[in-house]
Structure formats: structure tokens, C-alpha cells
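The structure appears below as C-alpha cells.
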Amino acid sequence: MTALPDIPVPAGIRSRDVDGINGLRVHVLEAGFETKGRPCILLLHGFPELAFSWRKVMPALAAAGYHVIAPDQRGYGRTTGWSADYDGDLAPFSLLNLVRDALALVSAFGYRQVDVVGHDFGSPVAAWCALIRPDVFRSVTMMSAPFGGAPPLPFNTVDTPAKPPVEDPVHRELAALPRPRKHYQWYYSTRQANADMQHAPQGVHDFLRAYYHHKSADWAGNKPYPLKSWSAGELAKLPTYYVMDAGETMAGTVAKEMPSPAAIAANQWLPDGELAYYAAEYGRTGFQGGLQWYRYGTSGLLNSEMQLFSGRSIDVPSCFISGQQDWGTHQRPGVFEAMQGRGCTKMLGCHLVDGAGHWVQQEQPAEVSRLVLDFLAAARAA
């Protein structure tokens with residue numbers, strides 16, 4: 001196997017591989033490893049990110065006395081043992097199995113209790129870790145993707161006629177709008193989505209540049225607000241990176257918002273040298289591993305599987321951090337509000353960070369580090 005290039009991380013962060021983790025060889029970035037006996041923080045990334053997305057907050061967390069572990073999750077980066085076969089089994093990408101990955105990793109490191117932090121699609125993994133194994137995951141910080149609680153089971157229906165499953169009409173209604181649209185998660189579930197991005201006409205580097213820009217606070221159009229309902233008319237208010245134009249690829253969608261050379265040169269939170277690492281990794285692996293997560297979610301399997309926990313909430317200390325310019329907070333109407341009600345019973349803070357879009361821990365790492373550390377101190381005192 002050809003040796004992979006070094007990862008451009010700050011001093012104090014090391015890269016290593018851990019074998020035997022739920023069938024995977026997991027690549028992790030690690031900080032605060034020099035001394036034993038530290039409390040552990042597990043950082044779970046989202047799409048299209050990697051453990052590398054935590055590089056700016058790991059030193060601050062380690063300096064505060066924590067052992068910080070950030071894996072490339074199943075389907076991503078330098079972690080191996082997963083299949084990107086579109087026609088393969090999706091069960092390894094179930095949320096229950098992703099929780100198992102996290103549990104096996106912290107167990108391998110010798111921890112019986114950890115604090116877990118998740119961003120984007122890593123946020124629901126972190127949330128379910130805390131709900132399913134609160135004895136291990138003693139606090140949870142969710143970023144950018146709020147958690148509305150376990151899906152309900154039909155209740156008190158024994159004397160009513162059974163209702164057949166109803167197809168969600170929103171996709172048909174989006175396609176029928178005067179400006180036809182489609183939801184990105186269902187696009188990500190199509191066979192062609194991976195090739196559209198891995199072989200984007202502009203190249204992977206420029207595709208990712210435009211994608212990161214479009215969802216960041218640098219894009220002036222990101223001025224989110226709560227939507228009223230899960231309906232075509234409301235969802236069509238979302239930017240095109242969430243509700244795309246019908247017939248468009250994601251590469252084509254974000255290409256229209258490619259920042260200028262001057263804006264790229266001025267970018268402090270994701271300079272081209274750091275973006276090059278993402279581009280090289282996704283150019284090597286493709287995107288399908290991450291897209292399998294979306295396919296599982298849109299298949300209906302996720303909802304039926306997690307009904308096992310119907311009525312349960314997150315009862316360990318929790319907090320939510322998102323960018324003030326991040327539409328992710330509101331992309332599923334009502335979930336942000338439900339999280340602060342039935343979803344989490346010990347919500348200690350809900351923070352929208354100004355000057356950050358979707359990539360909050362990369363765009364505003366100092367503030368995110370401060371908020372996480374303040375939350376962990378409050379969680380210990382709670």
C-alpha cells in the first residue's frame with residue numbers, strides 16, 4: 001500500500017490507526033495523549049468533512065486537560081473496512097451501528113465514560129450515543145443538526161382501523177413548483193451523486209471550495225430563520241445547497257456561487273492548503289461512504305429502527321452550538337424547538353455563533369472551544 005501524505009495539523013495533534021473497531025481499522029487524530037488519566041472527549045465529524053475538521057479546536061480542548069479523539073468515521077477518509085458499493089448492504093451505515101463504532105472506539109482506548117461532540121451528521125450520531133448509552137456518553141454537544149427526539153410509535157390505536165403507509169408528498173410537490181426543486185438528501189441517495197461530485201467538471205478541489213463557501217457565513221445569502229412546516233412552499237425558501245433545482249447536480253449548484261480568487265486568498269478559516277487535504281482525500285476515496293449514511297436515512301429504515309426508543313429522551317447534560325448564519329439549524333422545521341423541549345431534558349445551553357455558517361468549529365474555533373469547555377464545566381456541576 002502506498003504511504004499516504006502527512007496531514008497538515010497543528011503541533012500537538014498526532015495521527016494513528018486503531019484496529020478491531022467493529023470491523024474497521026479506524027484512523028484517528030488525537031491530542032492531549034501525552035499524559036494518562038485525562039478525561040476524554042470524542043469528536044464526530046459530518047459530511048463532507050473528516051477528523052481533520054476538528055483540527056482548530058483540538059489544541060484548546062487538550063490544553064484544558066482533555067484527551068481528545070477525533071476519528072474519520074465509517075465511510076470516510078483513512079478509516080478502512082467499509083464498502084462503498086452502491087448495491088451493497090446498507091446495514092453497516094445504520095445509526096445503531098455508527099453508535100456501536102463510537103462505543104467500540106472509546107472502549108478500545110480504555111474509557112468507561114466520555115463526553116461526545118458531533119457536528120452535522122456527526123450530531124445525530126452523538127445524540128443517539130447519549131440517548132442509548134448514557135452510562136458511557138455522560139454529556140453531549142450537538143452542532144448544526146438539532147435532535148428532536150426518538151420517532152414515535154402509533155399509540156392507542158387498537159380500536160381504530162390500521163392505516164396503510166403514506167408516501168411523503170413533499171418530493172412530488174417540490175418537483176411540481178413553478179421553479180421545480182428537489183431535496184439534497186434524496187439527491188445524495190441517488191446512484192449518480194457520488195460520480196457527480198468525485199468527477200465534478202470543476203475538479204474536486206474547486207467543488208469543495210464552492211460547497212464550503214456556499215454554506216458558510218462568507219456567503220451573504222445565509223440569513224436563516226425558522227420555517228413553518230415540512231411543505232414544498234416552505235422548503236423552497238432554503239438555499240439551493242439544501243433544496244436544489246430539479247435536474248441540477250450538487251457540483252453545478254455550488255459552482256454558481258464559487259468565490260472570487262481574492263475571496264479565496266483572504267479566507268482565514270479554510271485556506272487553500274488545508275482545503276487541499278480534503279480534496280486529496282475525497283479524490284482518493286470518493287464520497288459514497290458518506291452518502292451511504294443519507295441513503296440509510298431516506299430509505300425509511302432509520303425511522304423504523306429508532307422507533308425502538310420511542311418515548312425516550314436525552315437525559316444527560318446537553319448543549320447545542322450552531323452558526324448564526326447556518327440554515328442547518330432550521331432545515332427540518334420544528335426540530336430546533338423540539339430539541340429544547342421533549343428531545344433533551346438537561347439542555348444547559350443553546351448557542352448561535354455570529355460569524356459562522358455551517359462549519360462552525362472551523363469558522364469560529366475559539367468561540368466553539370470556549371462554549372464546549374464552559375458547557376463541560378457546567379455539566380460536571382449539574
Side-chain angles (χ1 to χ4, degrees), residues 6-18 21 24 26-46 49-74 76-79 98-99 101-123 125-127 129-130 133 136-144 269 274 277-278 316-321 351 353 359-380:
D6 290 340
I7 304 171
V9 290
I13 298 177
R14 72 178 177 186
S15 166
R16 67 184 297 190
D17 296 305
V18 185
I21 306 301
L24 301 174
V26 176
H27 171 252
V28 302
L29 296 181
E30 191 182 9
F33 50 83
E34 297 86 354
T35 53
K36 300 293 185 183
R38 289 176 167 225
C40 179
I41 301 177
L42 179 68
L43 305 177
L44 303 174
H45 69 82
E49 293 177 288
L50 299 162
F52 184 67
S53 68
W54 299 105
R55 67 199 176 281
K56 296 175 183 288
V57 301
M58 292 178 72
L61 301 179
Y66 287 92
H67 180 198
V68 190
I69 300 170
D72 284 345
Q73 294 209 74
R74 177 180 296 268
Y76 289 89
R78 300 186 180 188
T79 288
L98 298 173
V99 170
D101 290 346
L103 186 64
L105 183 62
V106 298
S107 181
F109 273 95
Y111 289 102
R112 300 194 185 280
Q113 282 197 317
V114 301
D115 301 288
V116 62
V117 181
H119 174 253
D120 183 78
F121 220 140
S123 180
V125 179
C129 282
R133 292 300 304 268
V136 176
F137 301 97
R138 62 184 175 183
S139 80
V140 58
T141 302
M142 296 161 281
M143 295 184 185
S144 298
W269 64 268
E274 294 180 359
Y277 174 70
Y278 283 121
V316 299
S318 60
C319 86
F320 180 75
I321 302 170
H351 310 279
V353 178
W359 322 106
V360 60
Q361 81 275 32
Q362 297 189 80
E363 294 180 67
Q364 296 292 340
E367 181 64 3
V368 166
S369 300
R370 185 188 71 81
L371 289 170
V372 169
L373 290 170
D374 285 354
F375 161 68
L376 293 176
R380 297 293 175 272

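Throughout, numbering of the chain's residues begins at 1 and tracks the sequence.
- Rounding to the nearest 0.5 angstrom, the gap separating the OG atom in S123 from the CG atom in D120 is 8.5 Å.
- The two residues V372 and M143 make their nearest non-hydrogen contact at CG2-CE, 3.9 Å.
- In this structure, L105 and I21 approach most closely via the heavy-atom pair N-CG2, 3.8 Å.
- Shown here are the side chain to side chain donor-acceptor pair (under 3.5 Å) partners of S144, two or more places apart in sequence or in another chain: H119, D326.
- Taking CZ from R16 and CG from L29, the interatomic distance works out to 11.5 Å, rounded to the nearest 0.5 Å.
- The shortest non-hydrogen separation linking G32 to R38 is O-CD, 3.2 Å.
- No side-chain heavy atom of I69 sits less than 4.5 Å from a side-chain heavy atom of V106.
- Residues satisfying the ring pair (Phe, Tyr, Trp, His ring centres under 6.0 Å) criterion with F52, sequence neighbours excluded, are Y277, Y278.
- Between the CZ atom of F375 and the CZ atom of R380 there is a distance of 8.0 Å, given to the nearest 0.5 Å.
- Here the closest heavy-atom approach between residue P365 and residue K56 is recorded as CB-CB, 3.4 Å.
- Here the rule is side chain to side chain contact (heavy atoms under 4.5 Å, CB included) with P71, and of L42, D101, T79 only L42 fits it.
- Between D17 and R78, the closest heavy-atom pair is OD1-O, 4.4 Å.
- The structure places CG of D374 at 8.0 Å from NE2 of H351, a figure rounded to the nearest 0.5 Å.
- With rounding to the nearest 0.5 angstrom, the CD atom of Q73 is 10.5 Å from the CD atom of E49.
- In this structure S107 satisfies the side chain to side chain donor-acceptor pair (under 3.5 Å) test with no other residue, sequence neighbours excluded.
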Ignoring hydrogens and angles, write down the donor-acceptor pairs under 3.5 Å from the side chains of residues 57-68, residues two or more places apart or on other chains.
unit_1	atom_1	unit_2	atom_2	d
H67	ND1	Y111	OH	2.7
H67	NE2	E30	OE2	2.7

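- R55 is linked by a side chain to side chain donor-acceptor pair (under 3.5 Å) to E274, Q362, counting only residues two or more places apart in sequence or in another chain.
- Under a 3.5 Å cut-off, the side chain of D115 and the backbone N or O of I41 do not form any donor-acceptor pair.
- For Y76, the ring pair (Phe, Tyr, Trp, His ring centres under 6.0 Å) partners are H45, W293, not counting sequence neighbours.
- Between S15 and I7, the shortest heavy-atom distance links the atoms OG-CD1, 3.9 Å.
- Remark: F109 CZ to C40 SG distance equals 7.5 Å, nearest 0.5 Å.
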